[in-house]
Amino acid sequence: MSGGTTTRVDARGGSLFAGSASVRALVYVALAALLFGFGAIAPTHLASEFVLRIGAGGLLLGMLALSVAFLMSQAGLVVLGAASVYGGVGYLFAIAMSKWDLSPTAALLFAFCTVIAYAAVLGALIVRTNPLAFMMLTLAAGEMISHSVMLEGLRDYTSGADGLVVTFKGAVFGMTAADFANATQFWPIAWSAAWILGFAAFAVRRSRFGAILRAIQENEERMRFSGFGTYLPRLAAFVFVNAIADVCGLLHVLNSGFVSPESLGLSVSTNALVAALVGGVANSTGPIAGGVLFAFAQDQFGAHGFTQLLTGLAVVVFIVLLPRGVIGGLIEGARRRSVLSSKRRRTA
Amino acid sequence: MRAHGVIALLIANSLALASLLIMLSSGLALIYGLRDVINFGHGALYMLGAYLGYSIALIGGFWTALVVSPLLLALLGIALEYLVLRPLRGRSHIEVALVTLGLGIILGQALIFVYGGEARGVDAPPALAGSVRMFGLSYPLYRIFLIAMGLGSCTALALWLRFSTSGLYVRAVSQDPSVARMMGVNADRLSLLVTSLSAAFAGVAGVLAGPYLSVDPGMDVTMIVNCLIIVVIGGTGSIAGAIIAALLFGFVQVAGSVFLPDLAALAPYVLLFVVLLIAPRGIGRGRAPA
């Protein structure tokens, strides 16, 4: 873009927001805060409980998709075992309370930290491999976790195929189990969590760390020759995305009050992958919106038992035809249009 | 004497399991060698082979199924090559792998839609129904047949790769795709051959699995996970590595179910992570993706 075009675009922006960049930033923040507040409160008054429930489920799936999308876009690595963290943390939370008599908050912390430690150990083993092997290994690790809850020897802890009911007495962060299960009360929590995690991913992406990750993805050898470590950043990224999935799994178990082997299944992982692909992996909004879209689509088609078929079709269609996803495609389209129109203005 | 018997049984059973795994994972490794793509839909091909085998066996008997099902799968392999691998060859390998994953899910769901969710049993053909006594032990004849098929296909594969011109080209492309192409090797034609061959092997494995394991809706995921573990242990793309890893895997799985039945389901994963810890690239001489 030439200097002339930039000034003209700035001039146009200036007429809208009357002045300097800091004012514009302030307007953006105000708009975001307005959107955040509106989104947190309005649906609880406008939407039915059923819609809220699906919406919150969609946000949870979207956050899981965010974890998949972040690693995909920043490190070129595809995780096929997101469900093992998502469901696994729920199991740990339940077991820590029922078997080891931890208080709900302590159990929550224990579950969170254990999963992070697991992610660090697993990551230390597998981020060294090539991207295809990484994908296979995350799938294998996910299956390992879902097999291990079915082990006869752990039946006392995991109840095998029956799953565990997760109830707790007292409050976690000021909310009781009933509060978490209530769709109207849970929606603002899921909404806020989606914003916080989305911003965290955005901030990491924009940071120096994000730049290093993308540079490693582009050419690992070049980075090594330039004196950068390539192992630790990728490991850190793997732990970071698992922390996102970890939070998401805890919210899920608090909301549903139940964990079962299904929550560890491959279909949860592939759903998250699809949600990421549907929304587009390049930013934070895409995967979260993709999760919500997917949840409502699943509600439409799930009744006919075609959920998994939908998943398979979506993977193929979005990778082959719409590799940027819906949101990514819209952003790209808008950008192209603005470039085109500015070009047209320049020629005029 | 009893200890000897247990060991003999252990080895025979792990060879039987390894036979299926070899047919499937060597197919995966072959495609990887040519296209740098791991076919995540391979488990679904195996499942299709098994269900087709089940249906054909009901009409024409086991032996017809063992011939027809792989032939149909080979046709599907040709379709896979022309409709998926070739059009997408400009895309990243990860994307193509994800597309095969999606196609595998679609195929698996279609099979569940047609055949329903319950497991189906397939009887061994009458000629292989009994048991034989060997070294003072009685052993199912069908498993011996399975082992013979596994070792047979293994040998055939090795002979083809070692002594035929197309086998030489496959090895050349697997070792260094760009140099092989510069020397005039037509990788597309080879890939057509290899993809249909590995789909046909998946068909053979599916039909053979019928009387040995069962034909059920979860068989695709179980098998693809096992095969991926084997491919990683063997060193991605190494065929010899995959064969050795399949034998190792079969042994660990069977020994696990004998000595630690409670934890047997985890044995393959322990093997995987131990190998990764020692040799992150696997035991064979795999090639890193280009």
Side-chain angles (χ1 to χ4, degrees), chain A residues 72 76-78 80-81 121-122 124-155 217 220 265-267 269-271 273-274 276-277 304-320 323, chain B residues 28 32 36-38 40-41 44 84 87-88 91-110 112-113 117 218 221-222 224-232 235-237 260-266 268-270 272-273 276-277 280-282 286-289:
Chain A
M72 217 165 154
L77 299 172
V78 177
L80 279 181
V121 172
L122 178 66
L125 268 176
I126 68 175
V127 296
R128 290 187 288 183
T129 57
N130 69 58
L132 262 177
F134 177 86
M135 186 164 142
M136 300 189 251
L137 286 166
T138 54
L139 175 62
E143 287 298 297
M144 174 178 76
I145 300 294
S146 82
H147 280 282
S148 54
V149 300
M150 299 293 281
L151 286 179
E152 234 4 84
L154 292 178
R155 217 190 141 73
Q217 178 188 357
E220 194 195 334
L266 182 58
S267 61
S269 301
T270 49
N271 287 353
L273 176 71
V274 169
L277 293 172
H304 309 290
F306 291 140
T307 319
Q308 280 308 298
L309 194 63
L310 181 79
T311 309
L313 279 172
V315 170
V316 176
V317 168
F318 276 92
I319 288 185
V320 175
Chain B
L28 273 181
Y32 178 83
D36 275 342
V37 165
I38 288 292
F40 278 75
V84 181
L88 293 179
R91 306 290 280 273
S92 85
H93 308 314
I94 292 286
E95 285 182 328
V96 183
L98 286 175
V99 169
T100 64
L101 175 77
L103 290 172
I105 294 174
I106 294 172
L107 180 55
Q109 289 299 307
I112 293 174
F113 183 71
V221 174
T222 316
I224 190 68
V225 171
N226 290 349
C227 287
L228 294 180
I229 292 176
I230 287 167
V231 168
V232 173
T236 327
L260 292 166
D262 279 354
L263 299 173
L266 295 186
Y269 304 103
V270 174
L272 171 67
F273 289 114
L276 272 183
L277 206 58
R281 282 169 172 269
R287 173 170 54 82

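Just so it is clear, the structure is predicted and the values come from calculations on it, not from any experiment. By convention in this document, chain letters (A, B, ...) are assigned in the order of the sequence lines, proteins followed by strands, and residues within each chain are numbered from 1. The figures here come from the full heavy-atom set of this structure, side chains too, leaving out hydrogens, waters and symmetry mates.
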For [X], is it the side chain, the backbone, both, or neither that has a heavy atom closer than 4.5 Å to a heavy atom of chain B?
| X | value |
| --- | --- |
| A:Met72 | side chain |
| A:Leu310 | neither |
| A:Leu154 | neither |
| A:Ile319 | both |
| A:Ser267 | neither |
| A:Leu122 | side chain |

Taking all non-hydrogen atoms of both residues, which atom of [X] and which atom of [Y] are closest, and how far apart?
| X | Y | answer |
| --- | --- | --- |
| A:Leu132 | B:Ala97 | CD2-CB, 3.8 Å |
| A:Val320 | B:Arg91 | O-NH1, 3.4 Å |
| B:Ile94 | A:Gly76 | CG1-O, 4.5 Å |
| B:Tyr269 | A:Ala140 | CE2-O, 3.1 Å |

Give the member of [options] that has the highest number of heavy-atom pairs under 4.5 Å with chain B.
| options | answer |
| --- | --- |
| A:Met135, A:His147, A:Met144 | A:Met144 |
| A:Val78, A:Val315, A:Leu137 | A:Leu137 |
| A:Val317, A:Leu277, A:Leu313 | A:Leu313 |

(request) Please tell me if the side chains of A:Thr129 and B:Val232 come closer than 4.5 Å, counting only heavy atoms from C-beta onward. (result)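 No. Closest side-chain heavy atoms not under 4.5 Å.
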Given a strict heavy-atom distance threshold of 4.5 Å, which part of [X] is in contact with chain A: side chain, backbone, both, or neither?
| X | answer |
| --- | --- |
| B:Val221 | side chain |
| B:Leu272 | side chain |
| B:Phe113 | side chain |
| B:Leu88 | side chain |

(request) Could you check B:Leu103, B:Leu101, B:Val84, B:Ile105 and say which one makes a side chain to side chain contact (heavy atoms under 4.5 Å, CB included) with A:Val316? (result)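 Result: among B:Leu103, B:Leu101, B:Val84, B:Ile105, B:Leu103 is the only option passing the side chain to side chain contact (heavy atoms under 4.5 Å, CB included) with A:Val316.
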(request) May I ask you to name which of B:Leu263, B:Val37, B:Leu277, B:Leu98 has the most heavy-atom pairs under 4.5 Å with chain A? (result)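 Among the listed options, the one with the most contacts to chain A is B:Leu98.
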